[in-house]
Number of protein chains: 2
Amino acid sequence: MKSNFNDKQIEILEVAEVLFAEKGFDGTSIRNIAKVAKINVAMVSYYFGSKERLLESLIVYRTSDLKNQLDNLLQEDLEPIDKINKLIELYINRINSNRGIYRILHFEFTSKKREQNLQAFSELKKGNLKSLETIIEEGQKKGIFRKDVIIPLITPTILGTFFHFHMNKPFFENLLNLKTEDLYNNYIKTNLTKHIQQTIKALLIYES
Amino acid sequence: MKSNFNDKQIEILEVAEVLFAEKGFDGTSIRNIAKVAKINVAMVSYYFGSKERLLESLIVYRTSDLKNQLDNLLQEDLEPIDKINKLIELYINRINSNRGIYRILHFEFTSKKREQNLQAFSELKKGNLKSLETIIEEGQKKGIFRKDVIIPLITPTILGTFFHFHMNKPFFENLLNLKTEDLYNNYIKTNLTKHIQQTIKALLIYES
DNA sequence: GTTTAAATTAAACGCTTGTTTAAATTTGTT
DNA sequence: AACAAATTTAAACAAGCGTTTAATTTAAAC
């Protein structure tokens, strides 16, 4: 799939991604972006029209292939619980290696200010939920999963756990002695992912 | 406990809380606050020194009594699982009725920009974690809770689930048909709280 | 009622913001 | 080489920013 953006645009988008993630949309100025990207301030307006539309472009640029990944997972020949585990791993991996944009989505698209641009993002979330539903209902039919779980609340538990951990990065770095970026990333890939998988598995299977 | 802020300051703090929560710290101007609070722009500098210190004051103003509530819970005569359930209820209730400040904490204190002011907030989090640890270790000694859970990751699951739900409010309002503010709040108080309690209980008790 | 301190105001400060303009430069096409 | 289109530039724009100033009003103390 070819991108709709040229090299120059992509350069700007990736600088903007880093800065937006670091300092927020409002906390980042176009001059700031221009300086880091070593371009003239006018280039952002020239290529994207406005700062707001730069943000929109960034989201399109980064979220366009998640749906495919999920569809592929759905069609794999796996037990429901393994599909769930893979889905969790996919989510964490993907968000973790695209931290910038997801942090931006998390931050900017929850305030009332930007509800208009919310449409495309909302559709993405609805699709993701549908995929999760399909897997869980499959497990329920097989009698493996309990039936009194509230499916739409499982995504908040998966993503919320990750985000809350990551949003409090300095705190957990200190608490868990994750002195280097590698140690931190490794902790997410192993311990945090396992914790979330363990949590969701227990929730889906445990009978009180 | 008497507050260190006079009536006028509290008035300003509460307006700032609403606006910061709505539009972020950078997205809110002092003139904005002044207009809503019907005061002169200079009053913020007069009473708080600067915009940054207004934020600090706001956090002190809102988080000063959480520690006491937790200590009281610890000393109640309850089974560990009931303490956990009560702790979850306490968290959700408290955060839900102080949405503004927690949204601000969630948003503003995760960026590297404000790591200096992070100290007091970090101490608060460490204290909360200690309380949770005490309860869980009690349950483990009694043989009720499994011992291979990663305790510091439980808070992210509790709070993360709530936050992720609440940060995607428009999405879930639409998905779950929560047309009024009452319906939304009620859903949090009942279904969401129950989901989190059910999740943590399963995680703590389920044996694979 | 006068004096002193606190609270409030309007105005201005210098600086940064997002965006536009119009000129200069580079690139591609014939 | 000459032309046209696309790109890049520096400069300017009006508007908003956080903060300070100095004058004025209000409140408290005597």
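Chain identifiers are assigned alphabetically (A, B, ...) following the order of the sequence lines, protein sequences preceding nucleic acid strands; residue numbering begins at 1 within each chain.
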(message) Using the side-chain heavy atoms of A:Val41, tell me which of these nucleotides is nearest: D:dG18, C:dA7, C:dT19.
(response) C:dT19
(message) Checking side-chain hydrogen bond (donor to acceptor under 3.5 Å, both in side chains) between A:Tyr102 and each of A:Arg62, A:Arg94, A:His166, which is the one that passes?
(response) A:Arg94
(message) Between A:Lys8 and D:dA6, is there a contact of a side-chain N or O with OP1 or OP2 at under 4.0 Å?
(response) no
(message) Testing the 3.5 Å rule here: is there a donor-acceptor pair between the side chains of B:His195 and A:Thr157?
(response) yes
(message) Of the options C:dT21, D:dT7, C:dA6, whose atoms approach the side-chain atoms of A:Tyr46 most closely?
(response) D:dT7
(request) Side chain of B:Ala42 only, please: which of D:dT20, C:dT8, D:dT19 is the nearest? (result) D:dT20
(message) Just to be sure I understand the rule, does A:Phe48 reach a base, reach only the sugar-phosphate, or reach nothing, if contact means heavy atoms closer than 4.0 Å?
(response) nothing
(request) Looking only at side-chain atoms of A:Met43, point me to the closest of D:dA11, D:dT9, D:dT19. (result) D:dT9
(message) Any base atoms under 4.0 Å from B:Ser45, or only sugar-phosphate, or nothing? Heavy atoms, all strands.
(response) base
(request) Check the distance between D:dT7's P and A:Glu11's CD and give it to me in whole angstrom. (result) 14 Å
(request) Decide if the gap between the ring center of A:Tyr187 and the ring center of A:Phe165 is smaller than 6.0 angstrom. (result) yes
(request) Check the distance between C:dT19's C1' and A:Asn32's CG and give it to me in whole angstrom. (result) 17 Å
(request) Quickly work out the A:Asn6 CG to C:dT27 P distance and round it to whole Å. (result) 14 Å
(message) Looking at D:dA28, which nucleotide sits across from it as a Watson-Crick or G-U wobble partner, both distances under 3.5 angstrom, or is there none?
(response) C:dT3
(request) Figure out the CD/P separation between B:Glu52 and D:dG18, and round it to whole Å. (result) 11 Å
(request) Using atom CD1 of B:Ile30 as one end and atom C1' of D:dT19 as the other, report the distance to the nearest whole Å. (result) 7 Å
(request) Find the distance A:Ile39:CD1 to D:dA6:P and express it as a whole number of Å. (result) 19 Å
(message) Is there a side-chain contact between B:Ser29 and the phosphate of D:dC17, meaning an N or O under 4.0 Å from OP1 or OP2?
(response) yes
(request) Using atom NZ of B:Lys38 as one end and atom C1' of C:dT8 as the other, report the distance to the nearest whole Å. (result) 17 Å
(message) Working to the nearest 0.5 angstrom, can you tell me the gap between B:Ile196 CD1 and B:Ile158 CD1?
(response) 7.5 Å
(message) At less than 3.5 Å, do the side-chain atoms of B:Arg31 and the base atoms of D:dG16 form a donor-acceptor pair?
(response) no
(request) Could you tell me the separation between the OH atom of A:Tyr47 and the C1' atom of D:dT8, rounded to a whole number of Å? (result) 9 Å
(request) List the atom of B:Pro156, the atom of A:Phe172, and the distance in Å for their closest heavy-atom pair. (result) CG-CZ, 3.7 Å
(message) Counting distance alone, no hydrogens or angles: does the base of C:dA7 have a donor or acceptor under 3.5 Å from a partner atom on the side chain of B:Asn40?
(response) no
